[in-house]
Amino acid sequence: MGFTSAKDMNKLEKKAQRIHSKCLTIDTHCDTPMQMIKPGFNIRDEHHAPKSRVDLPRMKSGGLDAMFFAVFTGQKPRTDQNYIATYALANQMLDSIHSMVTQNSDLATLALKADDLEHIEKTGKHAIYIGMENGFPIAKDLSRVEEFYNKGVRYITLCHSFHNDICDSSSDAAPAEHNGVSDFGKQVITEMNRLGMMIDVSHASDKSFSDIVELSKAPVIASHSSVRSVAKHDRNMSDTMIKKLAQKGGVIQICLLDVYIKEPDTTSVKFKSERRLHKIYRTTYNSMSESEKEVFEKEWDDVQANYSSELPTVKEMVDHIDYVKNLVGIDYVGIGSDFDGGGGLRDCADVSQFPNITLELLRRGYTESEIKKIWGGNLLRVFRAVEKSAQKI
Ligand SMILES: [Zn+2]
């Protein structure tokens with residue numbers, strides 16, 4: 001790329017701001033409800049990264065019109081006690097999202113349909129959509145899919161880091177349990193299709209993914225996944241998967257999590273510290289007391305704060321968007337930050353810095369209509385197709 005003068009840069013920044021504010025912008029994944037259920041967190045207050053990456057003031061300054069708040073529950077052993085506790089936790093998070101919307105009705109509105117976003121944006125408020133990350137709270141009770149739909153959930157990420165009753169996970173070190181989607185998982189997919197809920201393939205194993213794509217009558221989403229050919233990671237999607245996803249009319253929402261964007265320097269202090277903390281998270285975190293969890297989380301936040309300059313950049317994230325565009329076209333890519341769940345880049349550390357992505361897209365020659373598709377148009381197309389296909393069943 002040639003030299004860009006300060007004056008040209010300024011012009012480009014202004015253009016980026018203008019286009020960004022014209023887009024209906026959607027982020028399909030944040031884990032902020034984990035913070036919302038903690039006493040003292042008020043989403044009306046402006047917080048700071050890395051500890052917090054999403055709140056209403058920063059959604060406003062970052063021009064973010066819609067956010068999918070994830071009801072996230074970590075996968076635990078499937079005991080009766082854990083099923084009960086996880087269902088309760090999911091409902092606690094759902095309640096926290098509903099009361100957040102009620103308490104901030106001057107700034108935010110609950111959104112249930114794809115078309116709601118446009119209406120809500122016109123009122124100058126933010127659209128709050130709900131997703132569910134991990135189908136663990138469904139337990140073995142199919143009727144809960146409709147129960148969660150009625151509570152506002154519009155996508156379910158079928159599994160998380162370990163296999164569950166629905167399907168195999170991309171991250172479980174244990175051998176495949178169902179060789180993809182289980183018989184119960186097939187029923188969950190049919191039920192989600194019937195209701196008009198988006199099926200989220202992020203975290204699913206490659207075999208689960210191909211089963212899901214085959215079984216679902218409607219297009220599916222990856223709410224927060226990146227490209228395996230750009231950054232090798234089991235959580236990212238291979239070229240074959242992206243092609244299948246696109247053939248089905250779905251969308252991959254590029255995730256802003258460091259190791260999904262760039263393969264890490266395994267010799268760095270940051271990598272070693274995170275690896276140690278990940279190990280603790282996977283083995284002993286669940287059995288920790290609340291105060292022990294706080295110490296653990298503080299340590300995690302400190303690592304993030306101390307080494308934030310080593311994080312990948314927006315440029316490296318946009319490389320993933322470029323790759324998908326070149327592979328299958330502009331209609332199949334979007335953005336799902338995973339803020340407050342591990343996402344955050346050097347120059348896009350929270351929702352207020354989203355315009356930096358638009359600026360980089362413009363620098364690379366993306367047109368306004370392409371940028372609109374990335375920021376929400378593609379996701380809305382899939383959402384509408386899912387709604388429409390439900391009406392047909
Ligand atoms: Zn996730």
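As the structure lists them, so they are numbered: ligands from 1, and atoms in each ligand from 1. Values below: all heavy atoms of this structure, side chains included; hydrogens, waters and symmetry mates excluded.
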J.: For Phe383, does the six-membered ring have the charged nitrogen or CZ of Lys113 within the cation-pi criterion, i.e. under 6.0 angstrom from the centroid and within 45° of the normal?
T.: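 No.
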J.: Under 2.8 Å from the Zn ion (ligand 1), can any N, O or S atom of Cys255 be found?
T.: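 Checking the Zn ion (ligand 1) against Cys255, no N, O or S atom falls under 2.8 Å.
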J.: For N/O/S atoms only: which one belongs to Glu133 and is nearest the Zn ion (ligand 1)?
T.: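 Of all N, O or S atoms belonging to Glu133, OE2 is the one nearest the Zn ion (ligand 1).
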J.: Looking only at N, O or S atoms in His203, which is nearest to the Zn ion (ligand 1)?
T.: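 It is NE2 of His203.
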J.: Is it the case that the side chains of Ser202 and Ser225 hold a donor-acceptor pair, with the cut-off being a distance below 3.5 Å and no angle test?
T.: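 Yes, Ser202 and Ser225 have a side-chain donor paired with an acceptor closer than 3.5 Å.
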J.: Could you check whether the rings of Phe68 and Tyr155 sit parallel, tilted or perpendicular, using 30° and 60° as the cut-offs?
T.: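 The arrangement is tilted - the two ring planes meet at 30° to 60°.
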J.: Can a donor-acceptor pair be found, under 3.5 Å and without considering hydrogens, that links the side chain of Thr157 to the backbone of Met132?
T.: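 Checked: pair present.
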